[in-house]
Amino acid sequence: MEIFATELMGAEAYDAQGNFVGRVREFFIEPAQAPNRLSHFLLSRGRFQPLIARHDQIANVAPGTVRLSVSERVPYEPNEAWLAVKKDLMDQQIIDTRGRKVVRVNDVDLAEQRSNGNVELRLTQVDVGLPGAVRRLLQGVLSPGVIRKLQSRLPQSSIRWEFVNLIEPDPLRRVKLRITHEKLEDLHPADLADIIEHLSAAERQGIIASLDEETAAAVFGELDERLTTQLVEQLDPEKAADIIEEMSPDAAADLLGDLSKETTEELLEEMPGREADEVRELMEFDPSTAGGMMNTEFVFVGDTSTRDEVLIWMRDQELNIDQLDTIVLLDGEAQYAGTVPIARLLLASSEQTMVDLRMEPVLSVAPEAEEKEVFELFDKYNLRTLTVIDDEKRPIGTVAVDDVVSRLVSK
């Protein structure tokens with residue numbers, strides 16, 4: 001039988017002898033033991049100390065009534081490792097990981113499950129639609145039967161419990177409740193960024209602080225710059241530095257350039273020397289130039305290498321596959337010799353050399369080139385990447401098409 005949490009709030013509780021014990025004021029879940037089971041019922045008794053009933057002491061439940069299988073009285077003692085259904089779920093914002101959005105809980109659906117002669121209640125889904133709101137509004141005004149008939153005619157909107165991610169900004173309590181963000185980490189960073197933008201400042205901090213560094217870095221790349229700056233400034237410096245370290249050097253430089261000088265230096269000190277030096281070098285370029293837009297992490301090979309040699313070498317490297325679009329070529333003097341798109345490389349025969357596969361014309365810009373020149377080259381030649389070279393014609397970075405699009409959108 002399905003029953004709703006609203007129908008049990010305020011329900012009268014009786015012991016095994018039929019004596020009135022108290023009224024149900026709250027349910028608790030022990031996430032560490034059973035993440036969807038109501039583990040304890042809080043029974044209030046007016047001016048007397050409230051009592052607690054365990055899940056294995058419930059003989060029967062019905063709208064408005066709870067019957068216990070025991071007569072013992074156990075005083076209630078607060079436990080931070082318990083999740084309170086009324087306090088922590090009802091009317092609270094949660095993240096629907098299936099629908100990739102933030103919603104508010106109106107009610108909780110429960111299912112009976114028989115166990116050793118008692119009844120356990122399992123949380124099956126949360127109601128985020130009109131039926132739950134109607135039950136809340138009419139509870140105590142109309143009978144449960146009438147309320148059920150009314151709400152059955154309304155459009156249903158609920159989320160299965162396994163798709164729910166709780167928003168808990170307090171990291172210590174999150175640890176006690178053993179809430180993780182594994183489901184959030186499976187979302188696309190753009191969807192996760194949209195969700196975070198709908199949360200309060202404290203909730204945003206809680207989400208970012210508990211994500212792994214790689215996911216958090218990807219989310220930073222999708223968030224509004226002003227919001228990202230606020231998040232970084234409020235994070236623990238060590239955590240913030242770990243996240244920035246996972247970002248591409250150009251994105252990290254852009255982010256640090258928006259922070260105060262003191263905060264920037266503190267974060268750079270927390271980062272490994274090589275990564276910090278790369279970011280410092282990029283921060284010296286004007287943001288509106290090719291040098292300020294380029295990423296210093298790119299793949300380069302000799303132009304006389306064969307297609308198979310390059311593929312074998314690439315398999316042994318730790319490359320960011322999602323950002324791997326073009327390979328930069330070097331000639332015998334380590335000077336820039338052109339680029340080869342990955343698609344062209346994969347379709348080539350095994351013995352073809354990279355110089356035979358390169359794109360024409362061979363294009364590059366100096367780091368001081370204005371962004372207008374960069375935009376014009378991308379537009380004229382329909383580029384996906386553009387190589388930046390120094391005075392000695394050595395490649396020092398690449399500008400990707402997504403960097404150009406982001407810059408144009410922000411104007």
Side-chain angles (χ1 to χ4, degrees), residues 169 171 181-182 184-185 187-197 199 201-299 317-324 367 388 396-400 402-407 409-410:
H181 276 311
E182 291 177 357
L184 290 187
E185 290 166 359
L187 294 177
H188 190 282
D191 291 324
L192 192 46
D194 286 341
I195 288 172
I196 288 174
E197 288 175 352
L199 302 178
E203 290 168 342
R204 290 168 184 157
Q205 290 299 128
I207 295 288
I208 291 294
S210 56
L211 292 174
D212 67 69
E213 287 78 12
E214 184 177 355
T215 303
V219 171
F220 277 177
E222 302 289 344
L223 285 173
D224 175 80
E225 291 180 4
R226 180 181 57 82
L227 188 55
T228 304
T229 301
Q230 293 175 356
L231 287 167
V232 171
E233 289 177 338
Q234 295 169 10
L235 280 173
D236 173 75
E238 184 177 354
K239 175 72 174 182
D242 288 342
I243 294 173
I244 293 173
E245 186 184 339
E246 293 295 330
M247 301 174 72
S248 62
D250 59 326
D254 289 342
L255 172 56
L256 291 174
D258 293 331
L259 301 174
S260 66
K261 184 176 180 180
E262 294 76 12
T263 302
T264 297
E265 283 304 317
E266 182 179 17
L267 294 177
L268 287 171
E269 287 296 325
E270 291 283 349
M271 294 171 62
R274 178 175 172 274
E275 285 83 353
D277 290 342
E278 284 184 348
V279 173
R280 282 193 176 95
E281 289 175 8
L282 284 173
M283 291 179 68
E284 293 178 1
F285 291 106
D286 186 326
S288 62
T289 64
M293 298 171 63
M294 71 180 179
N295 183 3
T296 55
E297 291 182 346
F298 60 94
V299 177
Q317 308 305 307
E318 293 184 4
L319 304 176
N320 187 339
I321 303 299
D322 293 334
Q323 296 181 355
L324 183 57
V388 183
I396 58 174
T398 59
V399 179
D402 58 340
D403 296 317
V404 171
V405 171
S406 297
R407 192 65 63 94
V409 168
S410 65

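Numbers here simply count residues along the sequence, with the first being 1. Just so we're clear, the structure is a prediction, and the values are computed from it rather than from any experiment.
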Peer 1: Please list, one pair per line, the donor and acceptor atoms closer than 3.5 Å that link side chains of residues 288-296 to other protein atoms, with sequence neighbours excluded.
Peer 2:
{"unit_1": "Ser288", "atom_1": "OG", "unit_2": "Asp286", "atom_2": "OD1", "d": "2.9"}
{"unit_1": "Thr289", "atom_1": "OG1", "unit_2": "Asp286", "atom_2": "O", "d": "2.6"}
{"unit_1": "Thr289", "atom_1": "OG1", "unit_2": "Gly292", "atom_2": "N", "d": "3.3"}
{"unit_1": "Thr289", "atom_1": "OG1", "unit_2": "Pro367", "atom_2": "O", "d": "3.4"}
{"unit_1": "Asn295", "atom_1": "OD1", "unit_2": "Glu297", "atom_2": "N", "d": "3.1"}

Peer 1: The criterion is side chain to side chain donor-acceptor pair (under 3.5 Å); which residues satisfy it with Ser248, sequence neighbours excluded?
Peer 2: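 Side chain to side chain donor-acceptor pair (under 3.5 Å) list for Ser248, sorted by chain: Asp250.
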Peer 1: What distance separates Ile196 CD1 from Leu227 CG, expressed to the nearest 0.5 Å?
Peer 2: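 If I round to the nearest 0.5 Å, the distance is 8.0 Å.
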Peer 1: Who pairs with Asp224 by side chain to side chain donor-acceptor pair (under 3.5 Å), at least two apart in sequence or on another chain?
Peer 2: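 Asp224 satisfies side chain to side chain donor-acceptor pair (under 3.5 Å) with no other residue.
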Peer 1: Mind checking what makes salt bridge (Lys or Arg N to Asp or Glu O under 4.0 Å) contact with Asp191, not counting sequence neighbours?
Peer 2: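 Asp191: salt bridge (Lys or Arg N to Asp or Glu O under 4.0 Å) contacts with Arg100.
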Peer 1: Write out all pairs satisfying salt bridge (Lys or Arg N to Asp or Glu O under 4.0 Å) with one or both partners inside residues 273-284, taking only residues at least two apart or from two chains.
Peer 2: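 Checked against salt bridge (Lys or Arg N to Asp or Glu O under 4.0 Å) - neighbours excluded - the pairs reaching residues 273-284 are Glu265-Arg280, Glu269-Arg280, Arg274-Glu278, Asp277-Arg280.
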Peer 1: Taking all heavy atoms of Val279 and all of Ala253, pick out the closest pair and write down the distance.
Peer 2: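 Taking every non-hydrogen atom into account, CG1-CA, 3.9 Å.
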Peer 1: Does the pair Leu231 and Leu223 meet the rule for a side-chain contact (heavy atoms from CB on, under 4.5 Å), with working shown?
Peer 2: CA-CA 10 Å; Leu231 287 167; Leu223 285 173; 3.6 Å; yes
Peer 1: Name the residue from Thr263, Thr228, Thr229, Thr264 that meets the side-chain contact (heavy atoms from CB on, under 4.5 Å) definition with Asp258.
Peer 2: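 Exactly one candidate clears the test, Thr229.
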Peer 1: Working to the nearest 0.5 angstrom, can you tell me the gap between Ile207 CD1 and Thr215 OG1?
Peer 2: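 If we round to the nearest 0.5 Å, Ile207:CD1 and Thr215:OG1 are 12.0 Å apart.
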Peer 1: Where do Ala202 and Pro169 come nearest, in terms of heavy atoms and distance?
Peer 2: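 Of all heavy-atom pairs spanning Ala202 and Pro169, the closest is O-CB, 3.4 Å.
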Peer 1: By the salt bridge (Lys or Arg N to Asp or Glu O under 4.0 Å) test, which pairs, at least two apart or in different chains, include something from residues 231-247?
Peer 2: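 Passing the test, one end in residues 231-247: Glu213-Lys239.
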Peer 1: Ignoring hydrogens and geometry, is there a side-chain-to-backbone donor-acceptor pair from Arg204 to Glu197 under 3.5 Å?
Peer 2: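 Side chain of Arg204 to backbone of Glu197: a pair is present.
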Peer 1: State which residue, out of Leu235, Leu259, Ile243, fulfils the side-chain contact (heavy atoms from CB on, under 4.5 Å) condition with Leu267.
Peer 2: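 Considering Leu235, Leu259, Ile243, a side-chain contact (heavy atoms from CB on, under 4.5 Å) with Leu267 is found only for Leu259.
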Peer 1: If you round to the nearest 0.5 Å, how far is CE of Met247 from CG of Leu255?
Peer 2: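 CE of Met247 is found 5.0 Å from CG of Leu255.
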Peer 1: Heavy-atom count around Glu182 CD within 6.0 Å, excluding the residue itself: above 12?
Peer 2: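 No.
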Peer 1: At what distance, to the nearest 0.5 angstrom, does CD of Gln230 lie from CD of Gln205?
Peer 2: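 It comes to 9.0 Å.
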Peer 1: Work out which heavy atom in Ser210 is nearest to a heavy atom in Glu185; give both atom names and the distance.
Peer 2: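 Minimum heavy-atom separation between Ser210 and Glu185: O-OE2, 4.1 Å.
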Peer 1: In terms of heavy-atom contacts, does CD of Glu214 have more than 12 from other residues, nucleotides or ligands at under 6.0 Å?
Peer 2: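 For Glu214, atom CD is not crowded (no more than 12 foreign heavy atoms under 6.0 Å).
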Peer 1: I need the Phe298 CZ to Leu324 CG distance, nearest 0.5 Å.
Peer 2: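 Result: 13.0 Å between the selected atoms.
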Peer 1: Taking all heavy atoms of Glu270 and all of Ala241, pick out the closest pair and write down the distance.
Peer 2: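 Minimum heavy-atom contact is CB-CB, 3.3 Å.
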